[in-house]
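Everything on this sheet refers to the single structure shown next.
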2 protein chains.
Amino acid sequence: MAKKKTAASANKRTPRRSVLSDEIYEMIKTMIFDHEIAPGSRVNIDALSAQLEVSQTPVREALARLESDGLIAKEPLKGYKATELLSIKQLNDLFQFRLLIEPWAAEQAAKLIDNTGKTALKAEMQSAKTALKFAGENQFQALSEHDSRFHTLVSSISGNQTVADFYDRTHCHLHLFRLYMANKLHRIDGESRADFVQDLFEQYYQSGSGQLAIKEHEAIAKAILDQNAKAAKAAMHTHIESSLKRFSPAALAANK
Amino acid sequence: MAKKKTAASANKRTPRRSVLSDEIYEMIKTMIFDHEIAPGSRVNIDALSAQLEVSQTPVREALARLESDGLIAKEPLKGYKATELLSIKQLNDLFQFRLLIEPWAAEQAAKLIDNTGKTALKAEMQSAKTALKFAGENQFQALSEHDSRFHTLVSSISGNQTVADFYDRTHCHLHLFRLYMANKLHRIDGESRADFVQDLFEQYYQSGSGQLAIKEHEAIAKAILDQNAKAAKAAMHTHIESSLKRFSPAALAANK
DNA sequence: ACTTCGAAAATACTATACGAAATAGTATTC
DNA sequence: GAATACTATTTCGTATAGTATTTTCGAAGT
C-alpha cells in the first residue's frame with residue numbers, strides 16, 4: 001500500500017532520474033521478497049499494474065527480467081507466477097555451487113586486495129556491527145543485506161568480473177530470505193507482515209545465528225586483510241558450510 | 001530479411017503454439033550472433049519492431065530478457081545497445097570460472113551417471129563424428145553446436161541444476177566470441193556473413209583445432225562412461241585449458 | 001576557431017484502448 | 001455421466017497518442 005504512493009509520486013511530481021520500468025522491477029522484487037507475492041502464486045499483470053498505478057508496459061518489462069532471474073516463471077498463454085521456494089535439493093545445489101566459487105574468490109581476494117579494497121572491507125565490517133546494534137526492529141533485514149554486500153564485495157575484490165556477476169545472479173539472499181519468511185509465516189497466522197519480519201529476526205537472533213555469521217565474516221575479512229590466501233579460502237569454505245546448516249532446517253520446514 | 005517473412009507468417013496464419021515474445025527473443029539473439037546487430041551498436045526499438053513487423057511490446061520484453069543474458073545493455077533514457085565483445089581479460093575470467101565449475105561437474109557426472117545418461121552421451125559423441133564428416137559447408141556450425149551440447153549434457157548429468165543453468169549463461173558469450181573472431185580475422189569486405197562463418201571454419205578446421213577439441217571430448221566422455229571420476233575431472237580441466245589456448249591467439253588478434 | 005547556449009528534431013518511455021486468441025469454467029446435449 | 005458447445009476471463013499483441021529526455025545542430029558570444 002505504501003508502495004502505491006511511492007510509485008505515483010515518483011511518476012507525477014519529481015523529475016525522474018531513473019526509468020519507471022526499473023523501479024517497478026525493484027518493487028516487484030521487493031514484493032516477492034516480502035511474500036506480498038507468495039511463492040507459486042499467479043501474477044496478474046492487469047491487477048499488478050493497477051495496484052502499482054502504472055501501465056502494463058513497464059510491468060511487462062519487469063516481469064520479463066524477473067523471469068530471466070528465475071524469480072518469476074512464465075507459462076505461455078497462462079501467465080506469470082512466482083517461482084516456488086527452494087527445495088532441499090535446490091538449496092544443496094546452490095550451496096555446492098557457492099562452494100566451488102566463493103572459496104576461490106576469497107583466496108584471490110587475499111592475493112590481490114589493494115588499499116581501496118581494504119578500506120571498503122573494513123567499512124563493511126564496521127557498518128555491519130553498527131547496523132546490528134542500532135537497526136532495532138529491522139535487524140534481520142540489516143543482517144541479510146550485510147551478508148549480501150559482504151559476499152558481493154569479496155567476489156569483486158577477487159578481480160574476476162565473471163565470478164562477481166554470477167554471484168549476483170544466484171539471488172542467494174533473496175532465496176534464503178524467502179525461505180526463512182515462509183518458515184515463519186507458516187507458524188503464525190493472522191499477524192501483519194512487519195511483525196513476521198520482527199519475529200523472524202528474533203528467532204534468528206536469539207538462536208545466535210546472526211552473531212555466528214558475523215563472526216565467520218570477520219574471520220574471512222581478517223584473513224583477506226592479512227593477505228593470507230589459504231586461510232581466507234578455508235574460512236570461506238567453513239562459512240558457507242555453516243550457513244547451509246543454519247538454513248537447512250528452514251528448508252525442511254518450508255517443504256513440510 | 002528472411003526473418004521478416006517468418007515473423008509475419010507465424011503471426012498471421014498458423015495457430016500459435018508459442019508466444020510471439022519468445023520468437024522475437026530468439027530472433028534478436030540470432031541477429032546478434034550473426035552480427036546483424038553489431039557489438040556495441042545501438043538498438044532502436046522503433047526500427048527493430050518495424051523490421052520484424054511486430055509491435056514494440058514483444059520487442060521490449062525480448063530486450064529486457066536479453067539484458068539479463070548480458071547480450072544487450074540498457075542505458076536509462078538513452079536506449080538499448082548490444083554489449084561489447086569479451087576483452088582478453090573477460091575471456092580469461094570466463095575460462096577461470098569454467099575451470100572452477102566444469103571439472104567438478106565432470107567428476108560428479110562420472111559418479112552419478114545412469115543408463116539414460118550413458119545413452120545420451122554416446123549418442124552425442126556419435127552425432128558429433130557424423131556431423132563433422134557430412135556437414136559439408138556447415139561444419140563449423142556443427143562443431144560449435146556439438147561443443148555447446150556436450151558441455152550442457154555433462155553439466156546436466158552432474159545432477160546439479162544450478163551448475164547446469166550457469167553453464168548455459170556462459171555459453172552464448174563464447175559463441176558470440178567465436179563468431180566475432182571470424183569476422184575480425186577474416187576481414188574481407190563485401191562478403192556475406194555466411195562466407196565469414198565458412199572462412200572461420202576452414203581456418204579452424206585446417207589448424208586441426210576441431211579435431212583436437214573432439215579428441216578431448218572423447219577423453220572426457222570415456223572417463224565419465226567408465227565412471228572414473230578423477231580421470232573425468234582431470235580431462236575436463238585439460239580440455240578447458242587447451243580450449244583457452246586455442247582461443248587466445250584469436251582473442252589477441254581480435255582486440256588488436 | 002572554440003565554446004556555450006538554446007531551440008528543434010529524434011528517440012525513449014509510458015499510458016490507454018482495443019481486439020484476437022487461448023484457457024478456464026459452465027451449461028447443454030446425448 | 002461423459003462429451004460437446006458455449007460463455008467468460010485472461011493473456012498477448014497492436015495501434016496510437018502524449019510526455020520526458022537526449023541529441024543534433026546552428027547561431028551567438030568570447
Side-chain angles (χ1 to χ4, degrees), chain A residues 3-28 37-38 40-68 71-83, chain B residues 3-28 37-38 40-68 71-83:
Chain A
K3 291 180 178 59
K4 286 165 75 171
K5 279 224 134 51
T6 316
S9 57
N11 184 15
K12 305 215 168 132
R13 276 192 284 283
T14 67
R16 252 206 313 286
R17 60 201 85 260
S18 86
V19 179
L20 184 54
S21 156
D22 293 337
E23 291 176 29
I24 299 297
Y25 170 77
E26 293 298 333
M27 282 166 126
I28 299 178
I37 297 174
S41 68
R42 298 202 97 81
V43 177
N44 184 318
I45 294 187
D46 251 353
L48 195 54
S49 65
Q51 187 190 343
L52 264 35
E53 290 183 342
V54 297
S55 75
Q56 292 195 357
T57 314
V59 175
R60 286 196 148 111
E61 281 180 39
L63 288 176
R65 286 167 57 189
L66 286 164
E67 193 201 356
S68 290
L71 265 25
I72 294 275
K74 177 170 108 171
E75 297 174 74
L77 300 176
K78 292 186 66 178
Y80 291 94
K81 54 186 291 190
T83 51
Chain B
K3 289 176 181 61
K4 286 166 75 174
K5 279 223 133 49
T6 316
S9 59
N11 184 17
K12 304 218 168 128
R13 277 193 283 282
T14 67
R16 254 206 313 284
R17 60 200 84 262
S18 86
V19 182
L20 183 55
S21 156
D22 294 337
E23 291 177 29
I24 299 297
Y25 169 78
E26 294 298 335
M27 283 168 130
I28 299 178
I37 297 174
S41 69
R42 303 192 55 163
V43 176
N44 183 322
I45 292 188
D46 251 351
L48 194 54
S49 64
Q51 187 190 344
L52 297 173
E53 291 183 339
V54 296
S55 73
Q56 292 196 357
T57 312
V59 175
R60 293 201 118 93
E61 281 179 35
L63 288 176
R65 286 168 56 189
L66 286 164
E67 193 200 357
S68 291
L71 259 26
I72 294 277
K74 177 167 112 169
E75 298 172 73
L77 300 176
K78 291 186 63 181
Y80 292 93
K81 54 186 290 189
T83 49

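Convention: sequence-line order gives letters A, B, ...; per-chain numbering from 1.
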Under 4.0 angstrom between B/K78 side-chain N/O and D/dT21 OP1 or OP2: no
Distance in angstrom units between B/N44 CG and C/dA12 P, rounded: 4 Å
Between C/dA12 (C1') and B/E75 (CD): distance, integer Å: 12 Å
Residues B/R60, A/S21; criterion side-chain contact (heavy atoms from CB on, under 4.5 Å); working and verdict: CA-CA 11 Å; B/R60 293 201 118 93; A/S21 156; over 6 Å; no
Atom-pair distance (OH on A/Y80; P on D/dT10), nearest Å: 17 Å
N/O (side chain, A/S55) to phosphate O (OP1/OP2, C/dA15) under 4.0 Å: yes
Scan the side chains in residues 75-83 of chain B for donor-acceptor partners under 3.5 Å anywhere in the protein, sequence neighbours excluded, and list what turns up.
from, atom 1, to, atom 2, distance (Å)
B/T83, OG1, B/G70, O, 3.0
B/T83, OG1, B/L71, O, 3.1

Test item: A/V54 and A/E23 side chains (from C-beta on) under 4.5 Å apart, heavy atoms: no
Interatomic distance, B/I45 CD1 vs D/dA15 C1' [rounded to whole Å]: 16 Å
Whole angstrom value for the distance that separates C1' of D/dT21 from CZ of B/R42: 12 Å
d(CZ, A/R60; C1', D/dT10) in whole Å: 11 Å
Atom-to-atom span, CG of B/D22 to P of D/dC12 - whole angstrom: 9 Å
Test item: B/S41 side-chain N/O and B/I37 main-chain N/O as donor-acceptor pair under 3.5 Å: no
Whichever of A/T57 and B/G79 has its nearest DNA chain C nucleotide further upstream toward 5': B/G79
Value in whole Å for how far the P atom of D/dT10 lies from NZ of A/K74: 19 Å
Proximal nucleotide (of C/dT14, D/dT21, D/dG13) relative to the A/P58 side chain: C/dT14
